[in-house]
Amino acid sequence: MSYQDLSGEVITPKDTNYENARAIYNAMIDKKPAVIVKCKNDQDVVNAVNYARDHNIEVSIRSGGHNGAGLALVDDGLVIDLSGMKGITINAATKTATIQSGNTLNDVDAATHEYGLALPSGIIGTTGIGGITLGGGIGYLSRKGGLTIDNLLECKVVLASGELVTANKDENADLFWALRGGGGNFGVVISFKFKLIEIKNVYAGPMFWPIERAKEAMMFYDNLTKNASNDLYGFFAFLIVPPAEPFPEHLWNKNVCGVVWNYTGPIEKADEVFKPIREFGPPILDFVGEIPMPALNGMFDALYPPGMQWYWRAHYIKELTPKSIEVNIQHGSKIPTMHTTTHLYPVDGACHDVSNSETAWANRDARWAQVIVGVDPDPENAEKVTNWCKNYFDDLTPYAMGGAYVNFMMNEGQERIKAAYKGNYERLVEVKTKYDPTNFFHVNQNIKPN
Ligand SMILES: Cc1cc2nc3c(=O)[nH]c(=O)nc-3n(C[C@H](O)[C@H](O)[C@H](O)COP(=O)(O)OP(=O)(O)OC[C@H]3O[C@@H](n4cnc5c(N)ncnc54)[C@H](O)[C@@H]3O)c2cc1C
């Protein structure tokens, strides 16, 4: 096939950089696209959409390449790769940022932190702003500033028709509603405009307890965070302590439980806020202290470099009960490999200030998005971590709300996608039918048009 109507860097299997270009974060995925278009500007994206549509080629969209299910790539199809589009403009006066889709969260942090500002988003810096935003966006600032989409003001989008449109609360408002949680279903988002919140340094970091205290620790954490101000965030985890500095050697490779905290209130009050937390315990590790926000956001990047085997499943959780705590401990105390873990990410606080119908993200009544993640560098362990993950997920299902955060889903079928969007699914179908009636953009957690 001749690709002369495409622009940008056009990479095919004949090119020496093809293997690099098709590598994504999850090494369990091995898809072989026919062509990868590394877009440099808006016109490259328009040309790629028009070309794929006119030649009836399947298309996928790649920003950061972090998607666990590998939805950034498509076998034998055309990948619209936005990772080279890295413009960021900050307006300090209006506290807003316009961010092209190729930026990672590290890029965003570095640009906003200079102005004492931050965008609520995810916890690993190499994640792409594109995919995380369109699925919702959960992270250390969720309780303080809501989901990433709650801070979204506008998107520039290339539709399946090749038209470049703006979506905000006044222009294409139905599209703007759908983009806030509906994923890559509606078009290629070239750039996002966000409002930012004032955050410079935070009082944050991990705190661990022995696994034998997991039951009390989970109950204590549940009660404390239920009544805490939105300035206090903490995600609960079961994990294995990495056998490396700065962790003390006596804890290396121990299966423990813990919380990664983020306190965004006045620093002079931090000791007082953490007094009861430190008194429950004592923790076997306490790395909580004042750090710059980007240091927290990038804290686990080195532990999770690209190229490992990943398999994950997720639930929304409304409450922790004695029975669900038991299930968590049963699996959380038998973590099969050092990188494998489970996290309960809070989605309460400011996330609950928005109603379920205001954006496509329909889970404002959940307290946590729990992710169960099997990870290992060695492909030989892929099956072991996958099985642990599936069994944990299945056993926890009776205590979960149904549905899952789309950004934490694998290829789990249409019923799970519908369950993720709950009462918003039908409205999403209407918007999909209007903007993408042929389901041109279907390599995603797909919302099918009528
Ligand atoms: C290590 C790790 C940590 C994570 N931590 C968090 C976290 O803290 N919080 C959280 O909320 N999520 C988190 N995630 C999940 C993450 O949000 C999803 O994996 C998301 O899909 C990643 O976005 P991306 O741009 O990197 O992905 P990609 O793989 O590039 O894209 C994934 C999909 O998103 C859609 N998409 C991406 N960009 C665009 C665009 N510009 N226009 C239209 N559609 C687009 C497409 O459907 C694409 O297939 C994490 C993932 C990993 C692997």
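A quick note: this is a predicted structure, and the numbers were derived from the prediction, not measured. Read the numbers this way: they start at 1 and go in the same order the structure lists the ligands and their atoms.
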Completion exercise
Note: ligand 1 atoms sitting under 4.0 Å from heavy atoms of G184 are 43 (C), 44 (N), 47 (O)
Fill in the blank from the handout: Quick note, ring-ring contact (aromatic ring centres under 6.0 Å, His included) partners involving residues 426-450, not counting sequence neighbours, are none
Handout entry: Closest approach of any protein heavy atom to atom 28 (P) of ligand 1, naming residue and atom
Key = G65 N, 3.4 Å
Handout entry: salt bridge (Lys or Arg N to Asp or Glu O under 4.0 Å) pairs, two or more places apart, involving residues 47-74
Key = R62-D81
Problem - Shortest protein contact, atom 42 (N) of ligand 1 (heavy atom only) - result: V189 N, 2.9 Å
Problem - Proximal atoms of ligand 1 relative to I138 (non-hydrogen, under 4.0 Å) - result: 7 (C), 8 (O), 9 (N), 10 (C), 11 (O)
Exercise for the section: Report yes or no: do S355 and E358 form a side-chain donor-acceptor pair below 3.5 Å? Expected result: yes
Exercise for the section: Name the orientation class of the two ring planes belonging to Y25 and W310 (parallel below 30°, tilted from 30 to 60°, perpendicular beyond 60°). Expected result: tilted
Handout entry: Close approach of F235 to ligand 1, heavy atoms, under 4.0 angstrom
Key = no
Handout entry: Min heavy-atom dist G187 to ligand 1 below 4.0 Å
Key = yes
Problem - Side-chain donor or acceptor of Y233 paired with backbone N/O of V260 under 3.5 Å - result: no
Problem - Within-shell test, W310 vs ligand 1, heavy atom, strictly < 4.0 Å - result: yes
Exercise for the section: Would you check if the distance from the ring center of Y304 to the ring center of H339 is below 6.0 Å? Expected result: yes
